[in-house]
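Just so we're on the same page: letters track the sequence lines, and every chain starts at 1. Only heavy atoms go into these numbers, but all of them, side chains included; no hydrogens, no water, no symmetry mates.
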2 protein chains.
Amino acid sequence: MEPPASPRRVTIVDVAQHARVSTTAVSKVLRNAYGASPEMRAKVRRAIDELGYRPYAAARGLRGQTYTIGVMLPDIRNPFFPEILDGITDRLQDTDYQVLLGPGCNGEKEEARVTEAMIDRGMDGLVLVAPVSPRSHLEHIASVVPTVVVGRHGHSPVYDTVTDDDVAGAALLVGHLAGLGHRRIAHIEHHETDPTRIAEMPNALRAEGYRQAMRGLGLAQEIDVVSTSYTQQGGYEGAKELLGRPSRPTAVFAGADIVAMGVLEAVAEAGLSVPGDMSVAGYDNTAFAALGPISLTSVDQAGHEIGDNAVRLLLERITERRKPSVQVKLSPTLVPRRTTAPPPGQSDNAESGRGVQPLD
Amino acid sequence: MEPPASPRRVTIVDVAQHARVSTTAVSKVLRNAYGASPEMRAKVRRAIDELGYRPYAAARGLRGQTYTIGVMLPDIRNPFFPEILDGITDRLQDTDYQVLLGPGCNGEKEEARVTEAMIDRGMDGLVLVAPVSPRSHLEHIASVVPTVVVGRHGHSPVYDTVTDDDVAGAALLVGHLAGLGHRRIAHIEHHETDPTRIAEMPNALRAEGYRQAMRGLGLAQEIDVVSTSYTQQGGYEGAKELLGRPSRPTAVFAGADIVAMGVLEAVAEAGLSVPGDMSVAGYDNTAFAALGPISLTSVDQAGHEIGDNAVRLLLERITERRKPSVQVKLSPTLVPRRTTAPPPGQSDNAESGRGVQPLD
DNA sequence: CTGAAAGCGCTAACAA
DNA sequence: TTGTTAGCGCTTTCAG
């Protein structure tokens, strides 16, 4: 039984009158601030409950905090990001903070619009996931509002970072494939030209990790990188190119699971089987990698922990605005599934997956 | 070259002084409000540009609007929702409005927390996608802030709705399967007990549409519904049950693509092939349904249009708070792919897909 | 420990 | 058409 139309919102003034105290007192109770006796707190709490009062965050922001954390995800379609988000929301569960997401931002322009919108709405802190903006812009943002940058390497004195070790992840995968007996291991990367991004973006580091690992295994001669994009289409095109090689690779390390999907499609079209004729691996261990009909070998990034750490750092920075910046680097793990196996003509061994039939 | 730390934000007062006008004048220009001469507008605009002023949405909200639209998505993992979101953001592209998303809300409690948070942050309007809260609660929300409910059937005088015709979608799919020659067509539904939800939630209407279509085709005897949940696990369990039937169905209509994934897994485990031994279809035409190795027959809901309509209605309601409520119902389309074909022992026909090999 | 009063940045009445 | 003046709901000095 709601009133026909809310005539007026319950305000701090109503609570103060009801509890027969000052608005200051109510404010203090709301913020658990120093300077209110237990009796006063109890009184105020009762009044709050009786009136069903909720503080108006929009107004709080004008003087203090809005208790809102803004999270910018570059692409809501990427099934890896929800994991990060869970890590974020779980840690914020029992706090007064609320998370709001900026919608899919592709490119610097959209990214700027969203971050500005968040700043203009008085958010107390920002988590930027894999932003593409130049570092100078990130530092500007961080100078205005506490900021944690996730999934982008490179330090900054003004913002904290949480990353997963992409070089190590690539090495895990290359090691896995080499352990199965593969030598001709190709990689499909997301094309990158901007020098800062080459140094800081995960995709570039995966490619670098691939190269390092290949060299470390004495397979420097076999290094074979195709530059497309982290999309299904990019994987399809990259695989087409690799399949056209005079001597085609026996394994493909796609820089992301979605890329691997395109590879699987191209391989099937070519009448080849996975992993019989060719092993395929992805990165991110997204939800569909685990789907029965796909069962893609991938690298897991512990998204939940990434999100958890990001919020932890953010809350710390909100509390202490100019503490030295922190970099957290987490370690990925390998998730072998059925798309990787020893190369054709090589006997099975302990590390191999179960064979699967041609997919088409 | 940013200043080391923003000393103070540029405010409307700064702009007014710079332009040598009153703050009211600036405010009017910002809102394109009546009562400012072209010269004044030009002067103010220049000052705004020169100072790089951006209005502080948090403060605007205290008196007027925040120019923020809140969108609540029940599950960010469901790949269907980004389509709706695109429809929303595209239409808002050239307006002053900004979209902010509430993160994954499972269950009424989380849903309430998110909607309250949005209201408390002064959002101008809400789009609730497939909310599970009781209708009374939705109406309460709508009485406080302009609201459009998406993906939930049932009218209300206080909020507008946008739905896709789930009954028709189910009929499309059943018709497709029957056209291929299937008679034993089973359905896996999301279990629902709450009476309101049985009447209003899409999952319940899909099951109802399935029943109606079966009856309409003279297949009432063959109606076979398994109640699990709209998850991969639910699909897996449902399929296990169906495969254990004395005479197992030749086709399974899963209530959602993710359910179909579980079905595919169970079918493969049983050593059966899709669609050779059994046809499988999903609903939502999510991104992974189109993935090469899956290629799932599904029903497309035109998510973009859903989002587009939702925002259109919302903006209209923000403008005119108490206009009569509107219900928009869109029509789904069938997307046949390779997981559906004529039942075993029946000759191929024009509508059949290409056969695929057993998946395991 | 408590409360009165000022003011955050903006918009909306109202007066000029 | 313009500017002046009150607030919006809350937090924050700063007296008591």
Student: Take the protein atom CG of B/Leu51 and the nucleotide atom P of C/dG9, then report the distance between them rounded to whole Å.
Tutor: 15 Å

Student: Considering just the side-chain nitrogens and oxygens of A/Arg60, establish if one lies under 4.0 Å of OP1 or OP2 belonging to D/dT11.
Tutor: yes

Student: Does the side chain of A/Thr11 get closer than 4.0 angstrom to OP1 or OP2 of D/dG9 through an N or O atom?
Tutor: no

Student: Could you give the CD-to-P distance, from A/Gln65 to D/dT12, as a whole number of Å?
Tutor: 8 Å

Student: Measure CG/B/Asp124 against C1'/C/dT11 and give the value in whole Å, please.
Tutor: 13 Å

Student: Would you name the heavy atoms of B/Pro55 and B/Arg60 that are closest together and state the gap between them?
Tutor: CG-NH1, 3.4 Å

Student: Which nucleotide sits closest to the side chain of B/Ala25: D/dC10, D/dG3, C/dT11?
Tutor: D/dG3

Student: Please figure out whether A/Thr23 or A/Tyr34 has its closest DNA chain C nucleotide nearer the 5' end.
Tutor: A/Tyr34

Student: D/dG9 P sits how many Å from A/Arg31 CZ, rounded?
Tutor: 18 Å

Student: May I have the distance from A/Tyr67 (atom OH) to D/dG9 (atom P), rounded to whole angstrom?
Tutor: 19 Å

Student: Using a 4.0 Å heavy-atom cut-off across all strands, classify B/Ser37 as base, sugar-phosphate, or nothing.
Tutor: sugar-phosphate

Student: Expressed as a whole number of angstroms, how long is the span from A/Leu62:CG to C/dA6:C1'?
Tutor: 13 Å

Student: Determine, for B/Lys43 against B/Glu39, whether the closest basic-nitrogen to carboxylate-oxygen distance falls under 4.0 angstrom.
Tutor: no

Student: Is any side-chain heavy atom of A/Val145 less than 4.5 Å from a side-chain heavy atom of A/Met118?
Tutor: no

Student: Looking at the base of D/dG7, is there any donor atom on it, or on the side chain of B/Arg63, that sits under 3.5 Å from an acceptor on the other one?
Tutor: yes

Student: Of B/Ser22 and A/Val10, whose closest DNA chain D nucleotide lies nearer the 5' terminus?
Tutor: B/Ser22

Student: Is the shortest distance from a Lys or Arg side-chain nitrogen in A/Arg113 or A/Asp120 to a carboxylate oxygen in the other one below 4.0 Å?
Tutor: no

Student: Whole-Å distance between C/dG3 P and A/Lys28 NZ?
Tutor: 9 Å

Student: Heavy atoms under 4.0 Å, any strand shown: does A/Thr24 hit a base, just sugar-phosphate, or nothing?
Tutor: base

Student: Does B/Gly64 reach a base, just sugar-phosphate, or nothing at all? Heavy atoms under 4.0 Å.
Tutor: sugar-phosphate

Student: Whether A/Glu316 and A/Arg91 form a salt bridge (side-chain N of Lys/Arg under 4.0 Å from carboxylate O of Asp/Glu) is what I want to check.
Tutor: no

Student: Looking across every strand, which nucleic acid part, if any, lies under 4.0 Å from A/Ala36 by heavy atom: base, sugar-phosphate, or nothing?
Tutor: sugar-phosphate

Student: Quickly work out the B/Asn32 CG to C/dA12 P distance and round it to whole Å.
Tutor: 13 Å

